[in-house]
Amino acid sequence: MASIHIVAKGETLAAIARQKMGSSRAAATLADYNALRTRRLAVGSRIFIPSAADLRPPRVVAEAPAMAPRRVSARAGAVAPPPAPPAGLHGVLGAFGDIYDFIRNDGTIDPRWESRHITRVTLPFAIPLDWDTAKSVTGIRCHTRLAPLFTDVFQRIVAAGLKSTVKTYGGCYQFRAKRNGSKPSTHSWGIAIDFNVKTNAMGTAGDMDPRLVELMEGMGFVWGGRWSGRGRDPMHFQYCSAY
Ligand SMILES: [Zn+2]
């Protein structure tokens with residue numbers, strides 16, 4: 001899990017690399033890891049400092065997440081299996097698309113990003129919206145390549161009798177403008193999903209049901225509740241690691 005460094009006045013990437021990673025030569029690694037397109041750092045911006053584990057090449061997943069046989073719709077033809085969960089920014093860009101090509105200068109996302117990569121999945125049960133529990137969602141928007149996986153996730157939640165552990169829906173695809181040079185959230189690719197937001201605030205232990213966590217992890221998701229410190233994010237599940 002990467003740590004976060006806030007850029008102080010006069011700090012350079014080389015200085016941060018020397019201080020945090022032991023060598024100014026790691027500046028190139030930092031630039032790459034943070035997808036910086038310029039070496040000029042804004043005071044107060046956030047730089048992610050990768051841990052050694054974050055920089056290891058993507059691990060080959062020995063076993064693909066177990067998938068139940070699915071009915072294949074005539075319209076869609078054979079359903080492609082989901083990609084293995086990628087590692088790091090480059091893995092995510094490779095598996096789910098180079099979002100940088102679609103982020104406009106004003107920080108908004110080109111609508112072609114959504115038409116190309118985002119699709120709607122119908123849920124087998126309605127889930128109250130976290131920010132307005134009087135309303136429920138009956139579908140979510142996610143990355144097209146993960147649509148069969150998300151469909152499977154919710155079917156398994158029902159089959160395992162865990163419907164009641166999903167109390168509210170906090171979002172899946174949601175483009176968040178890049179701020180302060182930080183990397184886009186995994187929600188920007190529609191490969192992350194938040195549940196039970198109110199009782200699982202960032203930095204807290206939260207109250208996510210361990211059976212739900214086990215089910216999600218069994219399908220290849222990384223649970224933010226395993227992260228440490230203020231980056232701990234127990235509401236959050238994402239289909240990639242080291243990001
Ligand atoms: Zn999230």
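All values reported here derive from a predicted model rather than from experimental measurement. First listed ligand is number 1; within each ligand, the first listed atom is number 1.
Residue His236 approaches the Zn ion (ligand 1) most closely through its N/O/S atom ND1. Among heteroatoms of the N, O or S kind in His187, NE2 lies nearest the Zn ion (ligand 1).
Stacking of Lys183 on the aromatic ring of Tyr243 is recorded, both the 6.0 Å distance cut-off and the 45° axial limit being met.
Looking at Asp130 and Thr168, their side chains do bring a donor and an acceptor atom within 3.5 Å of each other.
Residue side and main chain included, Asp194 places an N/O/S atom under 2.8 Å of the Zn ion (ligand 1).
With Asp194 as reference, His187 is the one residue of Gln174, His187, Gln238 to meet the side-chain hydrogen bond (donor to acceptor under 3.5 Å, both in side chains) rule.
Relative ring orientation between Tyr169 and Trp131 is described as tilted, the plane-to-plane angle lying within the 30° to 60° band.
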